[in-house]
Amino acid sequence: MTILARGIAWFSVYVLLVVAPMSVAIAADPFPLPRPALVEISVALGLLAFPLVLVQFALVSHLRASSRPFGTDALVQFHRYMGFLALAFVIAHPILLNVVGLPWSDWSPLSRNPVARSGAVAVWALVALVVTTVLRRLRPLYETWRSVHLALSIAATTAIVMHILAVNGYSRPGSMRAVLAGYVLTFGAVLVTYRLVRPLRMRSRPWSVVDNIDQGASTRTIRVRPLGHSGFTFDPGQFAWLITGASPFSLQQHPLSVSSSAERPADGSIEFSVKALGDWSRVVVPGLAPGTRVWVDGAFGAFTTEGKGGQGFVLIAGGIGIAPMRSMLLTMRDRGDRRHVVLLYAAHDETRAPFRQEIERLRADLNLDIVCVLEAPPEDWTGEHGYLTIAVLQRHLPPHFKRYHYFVCGPPPMMDAVEAMLVEAGVAPASIDSERFNVV
Amino acid sequence: MRHVTVRRAALLLGAVLLAFAGFFAWLVGRQPARAPSSLPLPASTGAALFKAHCASCHTVESLRPGVIGPDARRHEIEVFLMDHGDASDADDRLILDYLTAAT
């Protein structure tokens, strides 16, 4: 099955999961007489919000099978959009009932009525979930946010299930009870597998830090090797979760592109390159001394040259976005891949362009053209300077650029601009891959 | 460009789900509507109970034809009231009396 077919299959499964409870409700309609249309629309939104919220757990549960066709960043982005949609449905549900007479006091989570109380808890937990996620962008307390996010998710889901059972409306027939139980058990199992079983398995598959090298430009490269096991294979450009702390249950879990070759050395070691952007990367990463025990969960993602055809590749990196590109280039070198590669590497200045010297040396082994675009170049700089513009792109795209595959990784504003410029230049959107980790 | 595809898919899915919610309301409300009675409803304990327990989801006009008249499904409505909602069985009987008395 092709990647596209798998993607369509997964999306179809998702849509079916979302509409299934409502479809069963239609078939098992327990109400002997019609009710006001606003009430039924309200109920329909509630019946849609229930699966939307439960399936959210699966979207971000490190499922490799669904990560490959879409890319984990796309799944996380979809998770965020579906979170907003579920919140909109959950808020609209009581508002429509308020319009037909439900007292506004039922929005209180302290209500004595169990139906109103469970509903209100679900609404406010989901509001808190979204607000804390949006506010996380202001201050990157990632680990704290993850704990709060999980706790609120479980609280909201539990309250929704209690609300549906307390209402005892469409959930009254046995068929609907079976559907509800199936959803709770299935996605509860996903949560338990992701949060409990997987870390337990990882405990017996530790890794050890071999090197922790300061690359300059606030970037460190950490080499880790598997202890007592063979590690895992990965495709160039993919990422893995690096887990630091006392155990695999630690909240210090961060998605990082593997920056080393997919042709691993005999000891199975791999490298991650980390730029100091948040509390973990500034404080914890520099302290990962050789011998430190860590855990690695991988590999994930669709941002890879593996299986991508075409005459060659155009890699466009900004700052630490060079990490997955380095993996692609090193892998091509190790596999003797002589396809043409154009690397456009944008950085503020020479000191903030990690791996530049190393990649320059790869010219000897690869069919590689490098264009470095510096925002603040030194006085003797003769290369491109300023921002990566469409003029710069057009000057350096290969003659048959439409036959190439494009990879873009860097700061989000740069990726947005570059993608738009590539499309404007005539590159097919399907030929452009990008990797975004700041979508939460 | 996957993020653009994801955004479009999410928007499309949201629209489809909203349309499906409307379809759901239309489908479950297809039963023929009956003309409401022009007689005023007596104020009673049943009326207060109806307002407290039923009015947020049901109108008197939607339930009354099931209680009285040639197509009445009184027993079905009675069982429904007993099984549904958080009113006691005694309150359900008062609500049923209220709906009947409305004629």
Side-chain angles (χ1 to χ4, degrees), chain A residues 11 14-15 18-19 22 25-26 29-45 47-48 52 70-71 73-75 77-78 81-82 84-85 88-89 97-98 100-103 106 113-115 166-169 172 302 415-416 419 422-423 429-434 436 439, chain B residues 1-34 50-67 71-87 99:
Chain A
F11 188 68
Y14 180 86
V15 174
V18 172
V19 300
M22 201 157 73
I26 290 171
D29 182 2
F31 294 99
L33 290 168
R35 301 190 299 172
L38 279 183
V39 172
E40 296 296 0
I41 293 174
S42 161
V43 170
L45 294 179
L47 287 170
L48 287 170
L52 276 175
F70 301 109
D73 57 338
L75 284 178
Q77 186 191 4
F78 189 68
Y81 289 148
M82 291 302 104
F84 284 127
L85 188 64
F89 286 0
L97 294 177
N98 291 140
V100 293
L102 183 78
D106 279 359
N113 179 342
V115 174
V167 169
N168 198 29
R172 199 151 43 94
M415 287 199 288
D416 291 341
E419 285 174 343
L422 288 172
V423 172
S431 299
I432 306 170
D433 266 324
S434 55
R436 295 159 191 268
V439 289
Chain B
M1 299 295 281
R2 278 174 293 141
H3 68 290
V4 177
T5 310
V6 170
R7 191 165 60 228
R8 288 176 183 165
L11 282 171
L12 182 66
L13 183 60
V16 167
L17 293 180
L18 275 177
F20 197 42
F23 174 69
F24 173 89
W26 171 79
L27 203 61
V28 297
R30 266 189 318 167
Q31 285 157 289
R34 298 168 175 96
F50 182 87
K51 189 176 178 188
H53 296 292
C54 312
S56 62
C57 297
H58 305 276
T59 60
V60 173
E61 287 74 21
S62 72
L63 287 177
R64 195 192 308 154
V67 181
D71 298 327
R73 289 184 277 164
R74 187 185 172 86
H75 179 65
E76 203 178 330
I77 301 288
E78 190 176 352
V79 172
F80 171 72
L81 287 175
M82 301 284 185
D83 290 351
H84 180 67
D86 54 357
L99 292 171

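Every chain is numbered from 1, with letters handed out A, B, ... down the list of sequences. Nothing here was measured: the structure is a model prediction, and the numbers come from that model.
When A/V167, A/L102, A/I432 are compared by the number of non-hydrogen pairs under 4.5 Å with chain B, A/I432 comes out ahead. The most heavy-atom pairs under 4.5 Å with chain B, out of A/A430, A/P36, A/A166, A/A37, come from A/P36. The greatest number of non-hydrogen atom pairs below 4.5 Å with chain A, out of B/A25, B/A9, B/G22, is found for B/A25.
In this structure, B/A21 and A/L45 approach most closely via the heavy-atom pair CB-CD2, 3.9 Å. The two residues B/V6 and A/A74 come nearest to each other via the heavy atoms CG2-CB, 3.7 Å. B/G14 and A/F89 make their closest contact through O-CZ, 4.5 Å (heavy atoms, listed as atom of the first residue, atom of the second, distance).
Heavy atoms of A/V18 lying under 4.5 Å from chain B belong exclusively to its side chain. At a 4.5 Å heavy-atom cutoff, the contact between A/P30 and chain B is made by backbone atoms alone. A/N98 does not touch chain B: none of its heavy atoms, backbone or side chain, sits under 4.5 Å away. With a threshold of 4.5 angstrom between heavy atoms, A/L85 approaches chain B through side-chain atoms but not through N, CA, C or O. Contact of A/N113 with chain B is made through the side chain alone, with heavy-atom distances under 4.5 Å.
Atom CG of residue B/L27 and atom CE of residue A/M22 lie 10.0 Å apart, to the nearest 0.5 angstrom.
Side-chain contact between A/F78 and B/L13: present, with at least one pair of heavy atoms (C-beta onward) separated by less than 4.5 Å. Looking at heavy atoms from C-beta onward, B/V28 lies out of side-chain contact with A/F31 at the 4.5 angstrom threshold.
Residue B/F24 forms a side-chain contact (heavy atoms from CB on, under 4.5 Å) with just one option from A/L47, A/L48, A/I41, and that option is A/L47.
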